[in-house]
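All values reported here derive from a predicted model rather than from experimental measurement. The sequence lines fix the lettering, A, B, ..., with proteins before strands; numbering per chain opens at 1.
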Protein chains: 4
Amino acid sequence: MEKVDRRIRRTRNQLGQALRELIIEKSYEAITIQDIADRADVNRATFYLHYGTKEELLVTSLTEIFDELVVQMEAQAEGKPPWESMVHAEILFEHIAENFALYQAVLGQNGLGYVMHRILAYIAAHEEKELRAYFGDAAAPPLPIPILAHHVAGSIFALASWWVENNRPYSPTEMAVMLQQLCVQGMGTLGGNS
Amino acid sequence: MEKVDRRIRRTRNQLGQALRELIIEKSYEAITIQDIADRADVNRATFYLHYGTKEELLVTSLTEIFDELVVQMEAQAEGKPPWESMVHAEILFEHIAENFALYQAVLGQNGLGYVMHRILAYIAAHEEKELRAYFGDAAAPPLPIPILAHHVAGSIFALASWWVENNRPYSPTEMAVMLQQLCVQGMGTLGGNS
Amino acid sequence: MEKVDRRIRRTRNQLGQALRELIIEKSYEAITIQDIADRADVNRATFYLHYGTKEELLVTSLTEIFDELVVQMEAQAEGKPPWESMVHAEILFEHIAENFALYQAVLGQNGLGYVMHRILAYIAAHEEKELRAYFGDAAAPPLPIPILAHHVAGSIFALASWWVENNRPYSPTEMAVMLQQLCVQGMGTLGGNS
Amino acid sequence: MEKVDRRIRRTRNQLGQALRELIIEKSYEAITIQDIADRADVNRATFYLHYGTKEELLVTSLTEIFDELVVQMEAQAEGKPPWESMVHAEILFEHIAENFALYQAVLGQNGLGYVMHRILAYIAAHEEKELRAYFGDAAAPPLPIPILAHHVAGSIFALASWWVENNRPYSPTEMAVMLQQLCVQGMGTLGGNS
DNA sequence: TCCTAAGCGAGACGGTACGTCTTGTCTTCCA
DNA sequence: TGGAAGACAAGACGTACCGTCTCGCTTAGGA
């Protein structure tokens, strides 16, 4: 555990905070390092003492937020197959609601490809881990696990994306319920006619 | 039908082609307009005679490809609910296979947020249209149509993304089958054990 | 005498006229060929059919004006030494008054070095010719003729320049008288005290 | 006394030096800012940190040279009427001889109108000041002072111009003598015949 | 009177310079 | 020693102007 000067921590926090604020205000590409430094009340040269590129700061900055989410979710680990529990999804949607402006910027029209990809990959990896834990090595899954994982991840990603862009027309719980329904039962039984 | 100088058409084609090539070779952001102009054997100033920004060329260029796909897909319009027909998805995966390198660049690690968002939105809109046609005004759908549409779109997007990043481990047909299975039946019946 | 299409003559006149107008309105360097073409109601490409550069048009255009002056002056040739005749200078100042705006532009703050130099050299050459004619080969001039010529030319140039820049505070005749006085008698006898 | 970074002074010197060298080598208009930057071993953008335009650098650069001349001349201030002292003129011609190539470029065929005008105006203003000091308020001068001043200034300018263009056929002292003779006695008494 | 060459408008294009902006490095000086 | 201040190199940006070219239209002026 490296001992880090208090000032350094302070500077880094300010930089992270500044970027998160700016991302909400304007397109990520349009943000210059000077912008970040100005907002953080820090000299531009100082930025380079801590981060090599804008992206490095972005990853660091977002990681903090994601980590927080993961901690919350892992506190809910149970034995049930992941898709039969709405808890995960509910926590996710609540988390998004809390950082709404940020996710709006990241997932929306001018979203960050890099971040989008990361999120999708992250969710998929998470699902995959849980699926493997569920199926164990015994019962072979009917479809390849990565496919299952990406199916769920894609659905989550798209629903979250839609939800954010449409200003949260449903509550986190409602979203979680619908998500679960779609993933577990599929759309076939929803025709009403069957 | 606007009459366009042959030279103009030629120049624009070269620019579009150049961008598509470069996107495959390096990160979109790293591509300069000079790069594009060089590759297209065109003066940089000439670029600006036709497009205001790199993005404008990108959209134009990709639209051509998407349009082609849409034409193919619409030729398959049938009366069945979209998710019961694998044809659409199959055509999609084949289309991706044909423009593999391009999609690898666009959907991958350093993918373009803008394009990703566009694709997702495009697929969702497409699904939504078909769902509305299917349900008509009579039978109220069990879940809001946008939700259904985005669920499917997200799944398609994520599976396609995964497929591309893992170098097409399955055939387009196999992917289409699995996709349909997941969407229609859901994962609940796949427990294998039940 | 080359036969020139009426249209050609018309085009060239328009271009010359346009340049002369523009020179009065703004700095010569700031005038673009497009400006000239626009003003002349001519396509830019057409400009190049007639003149290679802006300078070429300038010379052609100004030469027309100078030639006119020379004709007037030569009509006054007499046997007297040039500096004892005010006629030349008077004609010159009257000529300048007639093309006032043009000379203001050419001799003023943002005057054209090229044209200034040309004018000075032209006057000097003119003086030199007359001086040589006057001295003949007999009486050796007390000072080298080129020196004498440039002295007079410089004085004319400077006085004209000053006169134009100060909005003609004296009549052409007055200027001519003063010029002659200065050149012939010098300033030594003007001490007022002697 | 403003404190200026040593680097800044160095950069500016290099830029001024570069321009002075280039002016000798080719037409001022043909000199690009890139040329200047290259010659000064400085980045083009750096040029703009110090000067807004080529003209600004030119003025700054030439002013340094002129100032030097003025200092020399003012060290010779005496009570005599300016035109009865050859000292000023002599210093001037010597100064020109020292910066010969530069003046060749500035006064010659492709001279700079702006600079020519400046020089003429500068000399005239200088003369005017001395004339006013000489005449005081008492004796009214026989001719308007500005006219006298411009007469002398024009002569100086033209003789210097001719001298430079003809590769200094006389010594600075000889030029000064002739100049004084012309200005003081005029040409009337030089006819030899009178 | 026709027809044929020339003048010209329109505008795409390669090229060059411009002035601006951002980045990353460096140096100097302060707390 | 961490950071402020800021000069600088590097290089992309979007714009402006230049000179050249090609393509049609029109419009004399000779057949």
Is the distance from OP1 or OP2 of F/dG11 to the nearest side-chain N or O of B/T32 less than 4.0 Å? no
About how many Å separate NE2 of A/H50 and CG of A/L15, when rounded to the nearest 0.5 Å? 6.5 Å
What is the minimum heavy-atom distance between C/Q14 and C/V42, and which atoms define it? OE1-CG2, 4.2 Å
Between B/K54 and B/I36, is there a donor-acceptor pair closer than 3.5 Å when you use the side chain of the first and the backbone of the second? no
Applying side chain to side chain contact (heavy atoms under 4.5 Å, CB included), run through A/I33 and A/R44 and close with a yes or a no. CA-CA 7 Å; A/I33 291 182; A/R44 189 164 64 86; 4.0 Å; yes
Rounded off to whole Å, could you give me the OH-to-P distance for the C/Y28 and F/dC17 pair? 15 Å
Answer yes or no: side-chain N or O of B/R44 and base N or O of E/dG15 forming a donor-acceptor pair under 3.5 Å. no
Which residue lies toward the 5' end of DNA chain E, A/Q34 or D/A30, if each is placed at its nearest nucleotide? D/A30
To the nearest Å, how far apart are B/D38 CG and E/dG14 C1'? 12 Å
Can you tell me how far P of E/dC21 sits from CG of A/D35, to the nearest Å? 13 Å
Could you tell me whether the phosphate oxygens of E/dC13, OP1 or OP2, come under 4.0 Å of any side-chain nitrogen or oxygen in B/T11? yes
I need the CD1-C1' distance between C/I33 and E/dT16, as an integer number of Å. 15 Å
Under a 4.0 Å heavy-atom cutoff, the residues of residues 45-60 of chain B touching DNA chain F are B/A45, B/Y48
Going by the side chain to side chain contact (heavy atoms under 4.5 Å, CB included) test, name the single residue among C/I23, C/L58, C/L120 that passes it with C/V115. C/L58
Protein-nucleotides 24-27 of chain F N/O pairs closer than 3.5 Å?
none

Can you tell me how far apart OG1 (B/T60) and CD (B/E55) are? Round to the nearest 0.5 Å. 11.0 Å
Please check this pair: side chain of B/D38 against backbone of B/D35, looking for a donor-acceptor N/O pair closer than 3.5 Å. no
Separation of atom CG in C/N43 from atom C1' in F/dT22, rounded to whole Å: 13 Å
Once you round to the nearest 0.5 Å, how far does CZ of B/R12 lie from OH of B/Y51? 5.5 Å
In whole angstroms, how far is the C1' atom of E/dC8 from the CG atom of C/N13? 17 Å
Starting at CZ of D/R10 and ending at P of E/dT28, how long is that distance when rounded to a whole Å? 13 Å
Whole Å only: how far is the CD1 atom of C/I8 from the C1' atom of E/dA5? 12 Å
Once you round to the nearest 0.5 Å, how far does OG of A/S61 lie from CG of A/N13? 9.5 Å
